Amino acid sequence: MSSAPPRSPTPRAPKMKKDESFLGKLGGTLARKKKIREVTDLQEEGKSAINSPMAPALVDIHPEDTQLEENEERTMIDPTSREDPKFKELVKVLLDWINDVLAEERIIVKQLEEDLYDGQVLQKLLEKLALCKLNVAEVTQSEIGQKQKLQTVLEAVQDLLRPHGWPLRWNVDSIHGKNLVSILHLLVSLAMHFRAPIHLPEHVTVQVVVVRKREGLLHSSHISEELTTTTELMMGRFERDAFDTLFDHAPDKLNLVKKSLITFVNKHLNKLNLEVTDLETQFADGVYLVLLLGLLEDYFVPLHNFYLTPESFDQKVHNVTFAFELMLDGGLKKPKARPEDVVNLDLKSTLRVLYTLFTKYKDVE
């Protein structure tokens, strides 16, 4: 993709080329010449298939969209799933992340399906994340050239992800065919693998409509596609520990642990006239965590080393990361939690960090 402003979808024009229609965009060259009756029948069948009880929202179906070859299959996200707030949040978070990574390349992605399908943006994204250079043509206009580039990019992704057990739920045809589900699976895997400083919404599931032509008629079915689970499961980094058990099976004991930790941190932060009442939120910017470590180790932390009043996400991540470095300097192991998890108000991550401090410093006056 060039540095010029990205392609942005516009309202459907009255005279739309066939391969720009909804299902036409999903790939494949559809036959142009159809008898009037066949077109009409297929159009009605397509509308009936799409507008099933599981997809109550109306879909704008063009006659060309229903002209599938025998046994040909098309998939699309159910319109109701597209309107789900968690799905919209997932798309927005991934868009913002891509644009942040590629800011120096002067690339702005506005729509995942339209801007990623040809491999250009994916190439730049992977090169930035993996600090590598792929041997591919910079600009490719033909479908063959685009698929060749995609093949190279996805093979590089596979080499990175497969050793770590990531399931590969995409391929060249699905990405080039602008299959949004495949594109999202790919981006979620990359974000998790490279520990992107973002918080993906958990348990995002969409309904996918599958339309197949058999014996001249269209038949539809619906499948559930899970795009995200929990951050811990997707990261695949955490072994279950006592906090997993507390959260899952012993909420009463969890409250006792929280009270003990609040008592512990206030015992020291009160020396600076600071008071903690909410562990989840008051440690999220890293300031109290840095100050607490200074108190526990009995040293003054220079104010220029951290942001005393952080405003941005990055500044908060800087503070928590700095606190983790102080923990390492103090002889503690690196926390299992990511700084981004603490900043994103993940209570379990925050408790893990504080409990590590409690274990070592509980007898410090």
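Model, not experiment: these values are computed from the prediction. We number each residue from 1, following the sequence as shown.
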Let's go through V353 and F283 carefully: what are the C-alpha distance in whole Å and the side-chain angles of both, what is the deciding distance for side-chain contact (heavy atoms from CB on, under 4.5 Å) to 0.1 Å, and is it a yes or a no?
CA-CA 10 Å; V353 174; F283 283 93; over 6 Å; no
When hydrophobic residues are tied together by side-chain contacts of less than 4.5 Å, even through go-betweens, does [X] share a cluster with [Y]?
| X | Y | value |
| --- | --- | --- |
| L303 | L295 | yes |
| F300 | M327 | yes |
| F322 | L308 | yes |
| I144 | Y117 | no |
| L328 | Y299 | no |

Looking at [X] and [Y], would you say the former's side chain and the latter's main chain have a donor-acceptor pair under 3.5 Å?
| X | Y | result |
| --- | --- | --- |
| T321 | V317 | yes |
| K147 | D173 | no |
| E202 | T228 | no |
| D285 | V287 | yes |
| E340 | H199 | no |

Using side chain to side chain donor-acceptor pair (under 3.5 Å) as the criterion, list what pairs up with H185, not counting sequence neighbours.
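E225.
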Taking C-beta and beyond as the side chain, do [X] and [Y] meet within less than 4.5 Å on heavy atoms?
| X | Y | answer |
| --- | --- | --- |
| Q123 | T152 | no |
| L180 | R82 | yes |
| L292 | Y361 | no |
| E275 | L269 | no |
| Y288 | L274 | yes |
| T80 | Q207 | no |
| I107 | I98 | no |
| I198 | D100 | no |

What is the minimum heavy-atom distance between [X] and [Y], and which atoms define it?
| X | Y | answer |
| --- | --- | --- |
| V188 | L227 | CG1-O, 4.0 Å |
| K258 | L279 | O-CD1, 3.8 Å |
| A191 | L94 | CB-CD2, 4.5 Å |
| D115 | K110 | OD2-N, 2.9 Å |
| G119 | V153 | O-CG2, 4.2 Å |
| S224 | T205 | OG-CG2, 3.8 Å |

Modelled atom types, side-chain donor and acceptor of [X] and [Y], under 3.5 Å:
| X | Y | answer |
| --- | --- | --- |
| S81 | D84 | no |
| E280 | T350 | no |
| N179 | T75 | yes |

Mark yes when over 12 heavy atoms from residues, nucleotides or ligands other than [X] sit less than 6.0 Å from its [atom1]; otherwise mark no.
| X | atom1 | result |
| --- | --- | --- |
| K92 | NZ | no |
| D329 | CG | yes |
| K259 | NZ | no |

Out of curiosity, [X] [atom1] to [Y] [atom2], how far, rounded to the nearest 0.5 Å?
| X | Y | atom1 | atom2 | value |
| --- | --- | --- | --- | --- |
| L261 | L256 | CG | CG | 11.0 Å |
| L125 | E105 | CG | CD | 10.5 Å |
| Q158 | Q151 | CD | CD | 8.5 Å |
| K267 | L296 | NZ | CG | 9.5 Å |
| L129 | E127 | CG | CD | 10.5 Å |
| D78 | S220 | CG | OG | 10.0 Å |

With side-chain contact (heavy atoms from CB on, under 4.5 Å) as the test, would you mind laying out the steps for H268 and L291 before giving the verdict?
CA-CA 9 Å; H268 300 281; L291 296 176; over 6 Å; no
Identify, with sequence neighbours excluded, every residue that meets side chain to side chain contact (heavy atoms under 4.5 Å, CB included) alongside H304.
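Testing H304 for side chain to side chain contact (heavy atoms under 4.5 Å, CB included), a comparison that skips the adjacent residues, returns P302.
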Test side-chain contact (heavy atoms from CB on, under 4.5 Å) on T277 and N266 and set out the steps.
CA-CA 9 Å; T277 57; N266 281 333; 6.0 Å; no
Give the C-alpha distance, both sets of side-chain angles, the deciding distance and a yes or no for side-chain contact (heavy atoms from CB on, under 4.5 Å) between L357 and L293.
CA-CA 8 Å; L357 297 178; L293 280 159; 3.6 Å; yes
Please, which pairs that meet side-chain hydrogen bond (donor to acceptor under 3.5 Å, both in side chains) have at least one residue in residues 307-319, sequence neighbours excluded?
none
